Structures are given as structure tokens and as C-alpha cells.
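Structure, as C-alpha cells:
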Amino acid sequence: MVKIITRKSLETQNVYDIGVEHDHNFLIRNGLIASNCFNKSHSTAYGYVTYQTAYLKANYPLEYMAALLTANSGDTEKVQKYISTCLSMDIQIEPPDINRSGVDFTPSGDKILFGLSAVRNVGQNAIACILAARNEGGEFKSLSDFCDRVDLRTVNRRTLEALINCGAFDKIDSNRNQLIKDLELVYEWAQSRARDRASGQGNLFDLLGGGFSTNHNTTQNSFDTAPKAKPVPDLPPQEKLRMEKEILGFYVSDHPLKSIRTSARVLAPINLSQLSEQREEANICAVVMLNGVKKVMTKKGDPMAILQIEDLTTQSEAVVFPKIYERIHLVLQVDSRMIIWGKVDRRDEQAQLIVEDAEPVETVQMVMVELDLQQAATIEEHHRLRTILQEYSGDREKAKVPIIGIVRANDTRHLVRFGRQFWVQDTRTTVQALQNARFTAYIQPLIGV
């Protein structure tokens, strides 16, 4: 490690490289050393690469983003960031498809198709086996057709469960719960057929199906005779997404926050990827998924928590100190959609969120105040409205109901976010007071905006 003791310009000098393997230090006059010089050829090369990547992103966005996702498929945080970038570029990411996906992320029309190599519990040998069977016999018609054609010694039960739960079979059958139940029977059926083919013998299912051939590709619709489980309802959407994330590391087919993205922006215009851009102690509001709650004890023995949170852009951590944790710990349920209020804190050059309050998005209500152009432009109306809101704000810590103004002009509708100092404690009494003052006001759930 080099300690810089002084800096002095010596104009142009002859230098001698005394570096080793990774570090290049250059000896100049009077025994001085210039450490880790970065010459012009390096900067030129980096500038050229920057120009190339910018050109590709601008002119071949699908191919560029697919390559970027493939190159970083092992880094969940980066993949989530690049998926968010794709969404901002109006590029959709399709979930894995057992009949279309290849090894890597690939452009498909105006979308990017998820690669099988990024699916957990699906190894390279299993992918090669699946692609070989698909190339040889065409698209898979059903789960039983798939199990009958691939080598189940390579594509094992764990791999099949991962493919089902991540949505790879959705185009064949979207009922993932039914597929998992069927798999218990189909897997043994396919193994039995594979053993019989290896020994050159037929089995009962082949006889009932009308014939047997040692080459299973010539048996017509033999998979129709495969056993099936009793019909069961599909899993709830939230559970399907949870399992999908467990397998892929992030949501792909949908996101629990996507349906409330527009309404969330009303209260939370800042996303988690922009946290580092905020000033120290800045008050922010974030609509997030709560992925994990790690309870820890302070030196005094008081409980606090470290939260793992994410939004549509990235993942992050949030800290809940003892006083706040005691008040909100009951609502901190993993896999729930939360609205979090807090302050930005910087530690070791990393920005984190210090939680001051939290609430499930399903219970968040807002007071909506409609204003016409004349009201919105009149100072007297501003004063009347401000006076009422301040009167009903109550205890600052308990005032959690946001106020949203709606300014109507002709056929347009503009939402105006009131500052935190105007938030109120009780929705009904506030709305009643506003209505008595001849303002058009009503209560609106966040998820209904």
C-alpha cells in the first residue's frame, strides 16, 4: 500500500516501470515514485468501449439488454436492476418457457425471453437434455409428454418442480398447483416407461394405449394414457409470485407492486434505487415488498429489526430502532406490501433507510380534495384549506393520512401532493370539516387511486 506524502508537478520526465504483476509504480527523479499511473491509452480504450455500448443500447436495445442480463444472470441485484431498466425502456421480460427458452436470455419479438440458465435448481446438463429432446421431437404437448421424452436421471424431480413453479409450463397448463399434483403420478409413470424401453419390454399403459414400440417417439400420443391427479384449484396469485421469486430470485411474470405502481407514485415518487441520491436526514416515503425481518437485540436488551425490502427497481435494507419496532412490529409481515416512512442515513458511504413508521398498503387511506382552477388560483381558498388541515393534523407522530389535491381543468386531472405537515390524524372528521367548508372532499384507499 502506498502512502502519498506529497504532490508536485515535475513536468515531463523519463520513467522506469518498477511494478510487479498487478501494481505498476514508476520511478522518476530524486527517488520519487509515481504510483499506479493511468496512461492515455487506457482512457482511450475505455472511452471507445463506452461509445460502443452506448451505440448498441441506442440502436439494438433488445439484443443489448438480453446480453447484459445473460452476463449478470448470477447476480440477483444486478438482474433486478436491469429488468427495471428494461421496463423503463418499454421492454417486457417474459418468464421461462419450456418450449421456447434457450440457455440464455434471448430477444423474442419485441420482448426478452428468460433463459433457463438463470433458473435455480436447473443445471447445465438438465438444460442440454431438455433442448436435445425438444430439437428431436418438437414442442412438448404436456407435462407427461415432457417427462416421457427427457432423461429423468438428468432432469430430476427437483428440477421439474422448479420449472413448474417458475412458470416454464404455463403456456401448456397455467394451473401450477395441478401440475405439481400431477407430477407425483406422472414422474413414476415416466420412470416405469423408461425402464421398460431400456429392457425392450412393453407395459400395461402401452398395451391399453394401443401398441408399443421400443422407440417411444413412434408411439402416438402415448402420454394421453398418463395418470392424472384429481382436479385442484390453482394457487393464489400472491403465492405463485412468492414461489416464482424463490426459484428465479425476483418476480418476472408479474410483481405485487406493479398493480399499484401508479397510485404508489402519488405518495412515493422516490424509488429505492434513488436512495443514495437523497441528502442526509431527508424524509422519504417508499412503497415496498417486505422480503425479510431479522430481529436483533441491542446492548441494552431491547429488540430492533433489520428489514429486507424491495420495490420495482432494486433491493435494499431498512433499520427499525427499538422505540419504533415496539410500535409497528405486528404489521411487519414477510411477503406483504408495505408503505414505509423514514429518513435517509449514510453509513460507510452506503445509504440506508431508518424507519419511522410502516403500514400495509391495503389499509392506507388518503383524503382527496377536488379543486377547480379558480379555487386552485385563489389565495383566500388556499388559506381556508390550510387552516382546516392544520386544525385536524393533531399529533404529528400519529398524523399518517396523506392529503391529495385534485385540480380539474377541462378534461384534465392533476394530482397535487400536500406536504407531510398537512397530513391529518382522522379521515372522517377531516372530510366532514372540509365538506362543511364547501370543499369537495372524500376518502380514497391508496390501492384504488
Side-chain angles (χ1 to χ4, degrees), residues 73-74 76 79-80 93-105 113-134 137 139-195 205 216 222-256 289 291-292 334-335:
S73 59
T76 300
V79 169
Q80 186 177 23
I93 307 295
E94 287 192 285
D97 186 339
I98 203 65
N99 280 323
R100 296 168 54 227
S101 290
V103 177
D104 300 323
F105 289 85
L113 184 60
F114 207 93
L116 294 177
S117 61
V119 181
R120 292 176 184 171
N121 301 329
V122 181
Q124 294 298 324
N125 291 336
I127 295 173
C129 180
I130 293 168
L131 297 182
R134 193 172 75 194
E139 291 188 352
F140 302 107
K141 307 299 182 184
S142 66
L143 176 63
S144 53
D145 180 34
F146 178 88
C147 291
D148 191 38
R149 289 165 54 186
V150 300
D151 185 349
L152 295 182
R153 293 169 299 181
T154 304
V155 185
N156 56 35
R157 188 190 296 266
R158 188 182 181 193
T159 298
L160 283 163
E161 289 175 350
L163 290 169
I164 291 171
N165 287 326
C166 76
F169 282 91
D170 278 7
K171 294 292 179 66
I172 293 175
D173 186 345
S174 61
N175 189 335
R176 299 181 192 177
N177 193 27
Q178 184 68 58
L179 289 173
I180 289 293
K181 298 296 183 183
D182 289 345
L183 181 61
E184 298 175 9
L185 302 174
V186 170
Y187 194 80
E188 293 184 6
W189 169 83
Q191 282 184 320
S192 175
R193 284 174 57 82
R195 286 193 296 267
F205 291 109
H216 67 279
S222 60
F223 57 84
D224 290 340
T225 64
K228 285 183 174 292
K230 293 181 180 179
V232 293
D234 201 359
L235 299 169
Q238 200 78 357
E239 178 64 11
K240 291 174 75 170
L241 287 176
R242 185 192 68 78
M243 298 180 74
E244 181 179 300
K245 184 183 179 184
E246 186 177 318
I247 298 299
L248 301 178
F250 30 79
Y251 303 105
V252 177
S253 64
D254 200 358
H255 195 289
M289 283 296 298
N291 294 334
V334 175
D335 292 327

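Predicted, not measured: the structure shown is a model, and the values here were computed from it.
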Gap separating the CG atom of L179 from the CG atom of D173, nearest 0.5 angstrom
4.5 Å
How would you list, by chain and number, every residue that makes a salt bridge (charged side-chain N to carboxylate O under 4.0 Å, His left out) with R176, sequence neighbours excluded?
D170, E244
Using the test salt bridge (charged side-chain N to carboxylate O under 4.0 Å, His left out), find all partners of E94 that sit at least two apart in sequence or belong to another chain.
R100
Tell me, do L116 and L163 make a side-chain contact under 4.5 Å, heavy atoms counted?
yes
What pairs meet the side-chain hydrogen bond (donor to acceptor under 3.5 Å, both in side chains) rule with one or both residues in residues 226-236, with sequence neighbours excluded?
D234-K240
How long is the gap from CD1 on I98 to CG on D145, to the nearest 0.5 Å?
11.5 Å
Sorted by chain and number, sequence neighbours left out, side-chain contact (heavy atoms from CB on, under 4.5 Å) with V334 holds for V293
All salt bridge (charged side-chain N to carboxylate O under 4.0 Å, His left out) counterparts of E246, not counting sequence neighbours
R242
Which distance, rounded to the nearest 0.5 Å, do you find between the CG of D182 and the OG of S144?
8.5 Å
Does some side-chain heavy atom of L131 sit less than 4.5 Å from a side-chain heavy atom of V103?
yes
Sequence neighbours left out, what pairs pass ring-ring contact (aromatic ring centres under 6.0 Å, His included) with at least one residue falling in residues 142-168?
F140-F146, F146-F169
So CG of D335 and NZ of K245: to nearest 0.5 Å the spacing works out to 7.5 Å
For Q238, give me all partners under side-chain contact (heavy atoms from CB on, under 4.5 Å), at least two apart in sequence or on another chain.
P256, M289
So, using side-chain contact (heavy atoms from CB on, under 4.5 Å) as the criterion, who are the partners of N121 when residues are at least two apart?
R158, A162, I247
Given N165 and E161, is the side-chain hydrogen bond (donor to acceptor under 3.5 Å, both in side chains) satisfied, shown in steps?
CA-CA 6 Å; N165 287 326; E161 289 175 350; 5.9 Å; no
Between N177 and E239, is the side-chain contact (heavy atoms from CB on, under 4.5 Å) condition met? List the steps.
CA-CA 10 Å; N177 193 27; E239 178 64 11; over 6 Å; no
Check salt bridge (charged side-chain N to carboxylate O under 4.0 Å, His left out) between D151 and all other residues, then give those that pass, not counting sequence neighbours.
R153
Among residues at least two apart in sequence or on other chains, which ones pass side-chain contact (heavy atoms from CB on, under 4.5 Å) with I93?
L69, I83, C86, I112, F114, V252
Return the set of residues passing side-chain hydrogen bond (donor to acceptor under 3.5 Å, both in side chains) with S117 (not counting sequence neighbours), or none when no residue passes.
none
ring-ring contact (aromatic ring centres under 6.0 Å, His included): which pairs involve residues 225-249, sequence neighbours left out?
none
Supply the atom-to-atom distance L160 CG to L152 CG, rounded to the nearest 0.5 angstrom.
6.5 Å
